[in-house]
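The structure under discussion appears below in the form of structure tokens.
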Amino acid sequence: MKQLFIVEMWDTIPLVSIRAGEYEKILEESEKCAIETEKHSVKVTPIEEVDGYKIVLTKAEEK
């Protein structure tokens, strides 16, 4: 199931991004990136709701 994730990586400065996809794939890509950029820590957190609103992902229509 695809959903939104906050991806946090640290060394001396945190790098934070929001990614959409499947947990295992996002985690694998984030860990690979952390190794390549010499980050010391990676945390992937699902975003389920914001301010009481549930987040639903739909693919955008191409124009």
Side-chain angles (χ1 to χ4, degrees):
M1 180 175 128
K2 293 190 177 190
Q3 67 182 102
L4 290 177
F5 297 92
I6 295 178
V7 178
E8 302 168 85
M9 291 187 258
W10 296 273
D11 53 9
T12 56
I13 300 171
L15 173 66
V16 179
S17 62
I18 296 177
R19 303 279 310 274
E22 297 176 10
Y23 178 79
E24 294 298 326
K25 187 172 181 181
I26 298 294
L27 181 60
E28 182 180 316
E29 291 172 358
S30 299
E31 288 175 342
K32 182 178 176 185
C33 180
I35 291 168
E36 292 172 357
T37 59
E38 299 180 354
K39 301 292 183 190
H40 302 293
S41 180
V42 175
K43 181 178 178 184
V44 177
T45 307
I47 303 173
E48 296 179 7
E49 60 179 60
V50 175
D51 293 336
Y53 290 90
K54 184 175 178 144
I55 297 172
V56 178
L57 294 182
T58 57
K59 187 166 179 124
E61 293 181 25
E62 293 186 33
K63 294 183 179 182

Worksheet item: Do V16 and I47 share a hydrophobic cluster, counting only Ile, Leu, Val, Met, Phe, Trp and Tyr and linking them when any side-chain heavy atoms are less than 4.5 Å apart?
Response: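 As far as the 4.5 Å side-chain criterion goes, I47 and V16 are connected within one cluster.
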Worksheet item: Would you say L15 and L27 are hydrophobically clustered, going by side-chain heavy atoms of ILVMFWY under 4.5 Å?
Response: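 Looking at the clustering, L27 is in the same group as L15.
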Worksheet entry | Distance in Å, L4 CG paired with T45 OG1, rounded so as to fall on 0.5 Å steps |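 The OG1 atom of T45 is 12.5 Å from CG of L4, to the nearest 0.5 Å.
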Worksheet item: At what distance, to the nearest 0.5 angstrom, does OG1 of T12 lie from NE2 of H40?
Response: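 Separation between the atoms: 7.5 Å.
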Side chain proximity check, [X] to [Y], heavy atoms < 4.5 angstrom:
{"X": "E8", "Y": "P14", "answer": "no"}
{"X": "Q3", "Y": "Y23", "answer": "no"}
{"X": "I18", "Y": "F5", "answer": "no"}

Discussion item. For a quick test of reading the model, state the closest non-hydrogen atom pair linking M9 to S30 and the distance between them.
Written reply: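 Of all heavy-atom pairs spanning M9 and S30, the closest is SD-O, 3.8 Å.
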Worksheet item: What's the shortest heavy-atom distance between K39 and D11, and which atoms?
Response: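 Minimum heavy-atom separation between K39 and D11: NZ-OD2, 3.4 Å.
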Worksheet item: Partners of E29 by salt bridge (charged side-chain N to carboxylate O under 4.0 Å, His left out), sequence neighbours excluded?
Response: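 Result, salt bridge (charged side-chain N to carboxylate O under 4.0 Å, His left out) vs E29: R19.
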